[in-house]
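Below is one structure; the comments refer to it alone.
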Amino acid sequence: ATLNNTYGYFYPKVYDWYLYYKLNEKLPEAGFNYHYNSLDTGRLVLTGYGASWPYIPILKLSVNCAFYFWCYLFMLVVLIIEKKKQYIILLLLAFSVVLMNMAGPANTYFRYCLPYAMTLPLILGLVMKEINPKFRQK
C-alpha cells in the first residue's frame, strides 16, 4: 500500500499536473464574493499553455517529481564516489522532504516536491563547483 501511494515520487513516467483555473461552485454558496475580472482571453491562453506544458518533450521534466529525486540521487552517488562526503549535508533537506512525502497521504502532487525542486539549480551548481576543477577556478 505504501509503494502504491508513493511510486510517483520515484517513477519517471508519472505526470500529474493540476491547474486550478475554474471557480469552485461551493465558494459562492458559502458566502464568499469570488468573481473573475474581464481578462477571459488571457486566462484561456494561459490555461492552454499550462495544460500543454507536461506534453512538451524537454519541458515536461520540470513537472515530474521523479526527475528531481533522481537528480538528487545522482548527485549523492557522485559525491560519494568523489569522496566529498562533507557536502552530502546539502542533500539532506531534499531527502528529508522525500521521506515526508512517502509518509504523507498524497501521491505525486507537485506542490509537495517544490522545496527540493526549486533548490535543485542552486545545489547542483554547488556540487558541480566542488566536483569539477574548472568551476573551482572561476
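Worth knowing before you read on, the calculation uses all heavy atoms, side chains too, and leaves out hydrogens, waters and symmetry mates. Throughout, residue positions are numbered sequentially from 1 according to the sequence presented. The shown structure was predicted, so the numbers you read here are calculated from the model rather than taken from an experiment.
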In one Ile/Leu/Val/Met/Phe/Trp/Tyr side-chain cluster, 4.5 Å: [X], [Y]:
| X | Y | result |
| --- | --- | --- |
| Leu59 | Val63 | yes |
| Ile56 | Val45 | no |
| Phe69 | Ile80 | yes |
| Met118 | Phe95 | yes |

| task | Just jot down the ring-ring contact (aromatic ring centres under 6.0 Å, His included) partners of Tyr116, sequence neighbours excluded, or say none. | result | none

| query | Partners of Phe67 by ring-ring contact (aromatic ring centres under 6.0 Å, His included), sequence neighbours excluded? | reply | none

Rounded distance [0.5 Å steps], [atom1] in [X] versus [atom2] in [Y]:
| X | Y | atom1 | atom2 | answer |
| --- | --- | --- | --- | --- |
| Leu126 | Ile131 | CG | CD1 | 11.5 Å |
| Trp53 | Ser62 | CH2 | OG | 5.0 Å |
| Leu76 | Cys71 | CG | SG | 13.0 Å |
| Leu120 | Leu91 | CG | CG | 10.0 Å |

| message | Could you check, using the six-membered ring where one of them is a Trp, whether Trp70 and Phe74 have ring centers closer than 6.0 angstrom? | response | no

| remark: Contacts of Leu124 meeting side chain to side chain contact (heavy atoms under 4.5 Å, CB included) (sequence neighbours excluded), chain-then-number -> Met75, Met128

| request: For Gly8 and Cys65, work out which heavy atoms get closest and say how close. | output: O-CB, 4.0 Å

| Phe10 to Met102 - nearest heavy-atom pair and separation | CZ-SD, 3.5 Å

| said: For Tyr72, give me all partners under side chain to side chain donor-acceptor pair (under 3.5 Å), at least two apart in sequence or on another chain. | reply: Thr119

| said: Could you work out, with side chain to side chain donor-acceptor pair (under 3.5 Å) as the rule, every residue matching Tyr87, not counting sequence neighbours? | reply: Glu130

| Geometric class of the Tyr109/Tyr112 ring pair [parallel <30°, tilted 30-60°, perpendicular >60°] | parallel

| task | Kindly indicate whether the side chain of Val98, heavy atoms from C-beta on, has any atom under 4.5 Å from the side chain of Tyr68. | result | no

| Are Leu90 and Leu79 close enough that some pair of their side-chain heavy atoms sits under 4.5 Å apart? | no

| task | Please say which of Asn101, Leu93, Val97 ends up in a side chain to side chain contact (heavy atoms under 4.5 Å, CB included) with Pro115. | result | Val97

| query | Rest of the hydrophobic cluster containing Leu92 (Ile/Leu/Val/Met/Phe/Trp/Tyr, side-chain heavy atoms under 4.5 Å)? | reply | Ile89

